[in-house]
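The next block holds one structure in the form of structure tokens; read it before the comments.
Heavy-atom basis, side chains included; hydrogens, waters and symmetry copies ignored.
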Amino acid sequence: MQKAFHSLLVALVAVLALVGCGKSDKGDKEAKPPTSSANGSVPLSGEAPVDIVNFEFKPQKVVVKPGTKVTWTNGDTTIHDVKDTSPLATPQSKDMAKGDTFSITYAQPGSYSYICGIHQYMTGSVEVVP
């Protein structure tokens with residue numbers, strides 16, 4: 001009897017788990033694609049935000065199309081900057097206080113690595129893909 005009860009309990013748990021995995025009432029048409037992937041890249045065109053928070057660039061890697069404007073916003077109370085370390089040498093930001101922003105519109109495909117020139121362990125990259 002105890003074995004039958006255990007089997008019934010296992011079956012009930014499995015059914016409840018499957019019911020929880022079903023579609024929502026809204027259907028698949030209203031589901032929105034994720035805005036970021038597991039590796040932190042954000043495939044965008046138009047504009048791409050990068051936050052500076054807790055001494056990190058978030059997301060650390062951004063993937064964009066040519067013509068995309070990437071804007072960094074300092075959310076820390078500490079001053080930071082954005083300094084390109086790639087051979088493509090984009091402009092460097094001024095020192096950014098909390099709330100300050102800096103933007104670059106990336107026209108050419110390539111890989112643009114950057115750091116905070118003040119805290120050089122803070123790294124990030126912009127990958128521009130056609």
Side-chain angles (χ1 to χ4, degrees):
M1 179 86 159
Q2 192 174 24
K3 187 174 183 180
F5 177 74
H6 183 265
S7 295
L8 180 61
L9 184 60
V10 169
L12 181 60
V13 169
V15 168
L16 290 174
L18 288 174
V19 169
C21 292
K23 293 180 181 178
S24 71
D25 292 344
K26 294 180 182 180
D28 290 338
K29 291 182 181 178
E30 291 186 30
K32 294 181 180 178
T35 56
S36 64
S37 64
N39 68 2
S41 62
V42 182
L44 294 172
S45 59
E47 293 192 22
V50 177
D51 294 320
I52 303 171
V53 182
N54 297 323
F55 292 84
E56 292 182 294
F57 295 109
K58 293 185 180 184
Q60 189 174 25
K61 179 179 181 182
V62 180
V63 179
V64 299
K65 299 228 179 253
T68 301
K69 179 181 179 181
V70 177
T71 300
W72 291 264
T73 302
N74 186 3
D76 281 344
T77 55
T78 303
I79 292 174
H80 295 290
D81 68 6
V82 177
K83 179 181 179 184
D84 187 329
T85 58
S86 76
L88 302 169
T90 59
Q92 179 174 339
S93 74
K94 63 176 180 56
D95 287 352
M96 298 166 47
K98 183 174 183 160
D100 287 349
T101 62
F102 171 69
S103 298
I104 298 175
T105 300
Y106 289 88
Q108 297 298 318
S111 184
Y112 300 81
S113 56
Y114 62 88
I115 62 171
C116 171
I118 301 165
H119 311 99
Q120 296 184 4
Y121 55 87
M122 294 173 56
T123 63
S125 65
V126 176
E127 188 77 26
V128 182
V129 295

Within-4.5 Å side-chain heavy-atom neighbours: Val62 and Val50: yes
Gly75 to Lys98 - nearest heavy-atom pair and separation: O-CE, 3.7 Å
Tyr106 vs Val70 side-chain heavy atoms within contact, under 4.5 Å: yes
Modelled atom types, side-chain donor and acceptor of Ser86 and Ser113, under 3.5 Å: no
Under 3.5 Å donor-acceptor, Asn74 side chain and Asp76 backbone: yes
Remaining members of hydrophobic cluster (4.5 Å side-chain criterion), Ile118: Ile79
Close side-chain approach of Tyr121 and Ile115, heavy atoms under 4.5 Å: no
Side chain to side chain contact (heavy atoms under 4.5 Å, CB included) assessment of Lys61 paired with Val126: CA-CA 6 Å; Lys61 179 179 181 182; Val126 176; over 6 Å; no
Donor-acceptor list for residues 87-95 side chains, cut-off 3.5 Å, not counting sequence neighbours:
{"residue": "Thr90", "atom": "OG1", "partner": "Asp84", "partner atom": "OD2", "Å": "2.6"}
{"residue": "Gln92", "atom": "NE2", "partner": "Asp81", "partner atom": "OD2", "Å": "3.2"}
{"residue": "Ser93", "atom": "OG", "partner": "Val82", "partner atom": "N", "Å": "2.7"}
{"residue": "Lys94", "atom": "NZ", "partner": "Asp100", "partner atom": "OD2", "Å": "3.4"}

Within the 6.0 Å centroid threshold, strictly below: Phe55 and His80: yes
Donor-acceptor pair between Gln60 and Ser125 side chains, under 3.5 angstrom: no
Where Pro130 and Lys65 come nearest, the two heavy atoms and their spacing: O-NZ, 3.5 Å
Within-4.5 Å side-chain heavy-atom neighbours: His119 and Thr78: yes
Salt bridge (charged side-chain N to carboxylate O under 4.0 Å, His left out) pairs, two or more places apart, involving residues 114-124: none
pair Tyr114-Lys83: side-chain heavy atoms closer than 4.5 Å: no
Working for side chain to side chain contact (heavy atoms under 4.5 Å, CB included), residues Phe102 and Thr71: CA-CA 6 Å; Phe102 171 69; Thr71 300; over 6 Å; no
Pairwise distance CE(Met96) to CH2(Trp72) - rounded to 0.5 angstrom: 9.0 Å
